[in-house]
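Working notes, structure below.
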Amino acid sequence: MKQIESVKECGGYLNRYRHDSRACQCEMTFSVYLPPQAAAEKVPALYWLSGLTCTDDNARTKAGAQRFAAKQGIAVVFPDTSPRGEQVADQPDRYDLGQGAGFYVNATQQPWSSHYQMYDYVNSELPELIEQNLPLVAGVKSVSGHSMGGHGALICALKNPGAYRSVSAFAPICNPLASGWGQDCFGLYLGKDRSAWAAYDATSLIESGARVDDILIDQGDADEFLDDGQLLPDNLQAACDAQGQPCTIRMQPGYDHSYHFIASFIGDHIEYHARYLKS
């Protein structure tokens with residue numbers, strides 16, 4: 001991996017890297033915030049998965065996580081949201097499909113399957129790469145994300161018991177099998193078999209018995225995507241209640257879907273994850 005940028009921030013360093021990905025078969029870009037404690041010892045990591053249309057740059061410049069991560073002594077890893085490049089399949093007239101919209105699945109249908117292997121990239125390739133090259137404690141990690149990335153965080157934790165110490169999300173797509181975004185994109189990425197879709201649906205995974213220690217979700221009640229049926233947090237809460245899965249969904253009055261919302265509560269989430277990462 002090649003470092004292409006480094007900025008000192010809150011006593012630590014916000015670095016950006018590129019590498020050739022074996023999972024996605026293209027060059028990938030990601031960022032890592034290393035807190036000041038990383039200069040003297042290895043630190044645990046929080047993986048942040050961003051939403052539709054984003055790159056690794058959105059959260060690292062808008063969420064304000066670094067200030068809280070520096071205080072807690074944890075690194076924050078910002079992957080990209082999809083493979084990219086001229087050779088990578090895309091749908092330029094759509095924001096919810098193609099580059100910028102990988103949905104953190106392993107695509108099985110062409111033309112997407114050649115590069116869109118974001119589930120393997122986030123859960124296997126990227127942690128292995130950065131734990132070998134940066135001062136991170138091997139295997140000690142948590143995951144969070146926003147919108148499509150909140151969906152990604154939930155499925156990564158639910159599908160990999162014990163791999164992540166904790167999971168949280170901001171306005172996640174909780175039940176893509178029942179949302180317009182999920183039904184359209186999953187059909188193209190994964191084919192017509194809806195059982196293949198269920199393997200990447202947090203609500204379906206919980207209904208099938210997948211468990212984690214706890215789930216923390218913040219959701220703005222003025223979110224434009226809440227009313228149009230894209231996010232469906234009530235479906236996730238119902239599944240958690242039925243299965244005895246601990247889950248706290250905090251409805252935040254007046255907040256929308258933007259990074260203003262995320263920046264308002266990111267400190268709570270960093271503190272939440274730090275309790276698990278340092279226990």
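Numbering starts at 1 and runs along the sequence shown. Keep in mind it's a predicted model, so treat the numbers as computed, not measured.
K278 contributes a side-chain N or O that, together with a main-chain N or O of Q72, makes up a donor-acceptor pair within less than 3.5 Å.
Judged as a side-chain hydrogen bond (donor to acceptor under 3.5 Å, both in side chains), and not counting sequence neighbours, the contacts of W181 are Y95. In this view, Q109 satisfies the side-chain hydrogen bond (donor to acceptor under 3.5 Å, both in side chains) rule with no residue, not counting sequence neighbours. Taking S21 as the reference, E125 meet the side-chain hydrogen bond (donor to acceptor under 3.5 Å, both in side chains) condition, with sequence neighbours excluded. The side chain to side chain contact (heavy atoms under 4.5 Å, CB included) test applied to S6 returns Q3, Y13, N15, not counting sequence neighbours. A210 meets the side chain to side chain contact (heavy atoms under 4.5 Å, CB included) test with L158, L205; sequence neighbours excluded. For D256, the salt bridge (Lys or Arg N to Asp or Glu O under 4.0 Å) test picks out no residue, with sequence neighbours left out. Remark: A39 pairs with no residue by the side chain to side chain contact (heavy atoms under 4.5 Å, CB included) rule, at least two apart or across chains. Take Y119 and apply the ring pair (Phe, Tyr, Trp, His ring centres under 6.0 Å) test, not counting sequence neighbours, and it matches Y200. Partners of Y259 according to the side-chain hydrogen bond (donor to acceptor under 3.5 Å, both in side chains) rule, which considers only residues two or more places apart in sequence or in another chain, do not exist here. In terms of the side chain to side chain contact (heavy atoms under 4.5 Å, CB included) criterion, residue partners of Y272 (sequence neighbours excluded) are, by chain and number, S166, S168, D214, L216, R275, Y276.
Residues S50 and H146 have side chains that never bring a donor and an acceptor to within less than 3.5 angstrom of each other. Between Q183 and S179, the side chains place no donor N or O within less than 3.5 Å of an acceptor N or O (distance only, hydrogens not considered).
Residues R94 and D184 form a side-chain contact, since some pair of their non-hydrogen atoms from C-beta on lies under 4.5 Å apart.
Below 30°, between 30° and 60°, or above 60°: for W48 and F170 the angle between ring planes is between 30° and 60°, a tilted geometry.
With salt bridges taken as basic N to acidic carboxylate O contacts below 4.0 Å, none links R84 and D90.
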Taking it one step at a time, do F103 and W112 satisfy ring pair (Phe, Tyr, Trp, His ring centres under 6.0 Å)? CA-CA 12 Å; F103 271 88; W112 313 104; over 10 Å; no

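Evaluation of the side chain to side chain donor-acceptor pair (under 3.5 Å) test over residues 202-213, restricted to residues two or more places apart or in two chains, returns D201-S204.
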For residues 24-33, dump all side-chain donor-acceptor pairs below 3.5 Å to protein atoms at least two apart in sequence or in another chain.
residue : atom : partner : partner atom : Å
Q25     : NE2  : R22     : O            : 2.6
S31     : OG   : D56     : OD2          : 2.6
S31     : OG   : R60     : NH1          : 3.4
Y33     : OH   : E9      : O            : 2.8
Y33     : OH   : C10     : O            : 3.3
Y33     : OH   : G12     : N            : 3.4

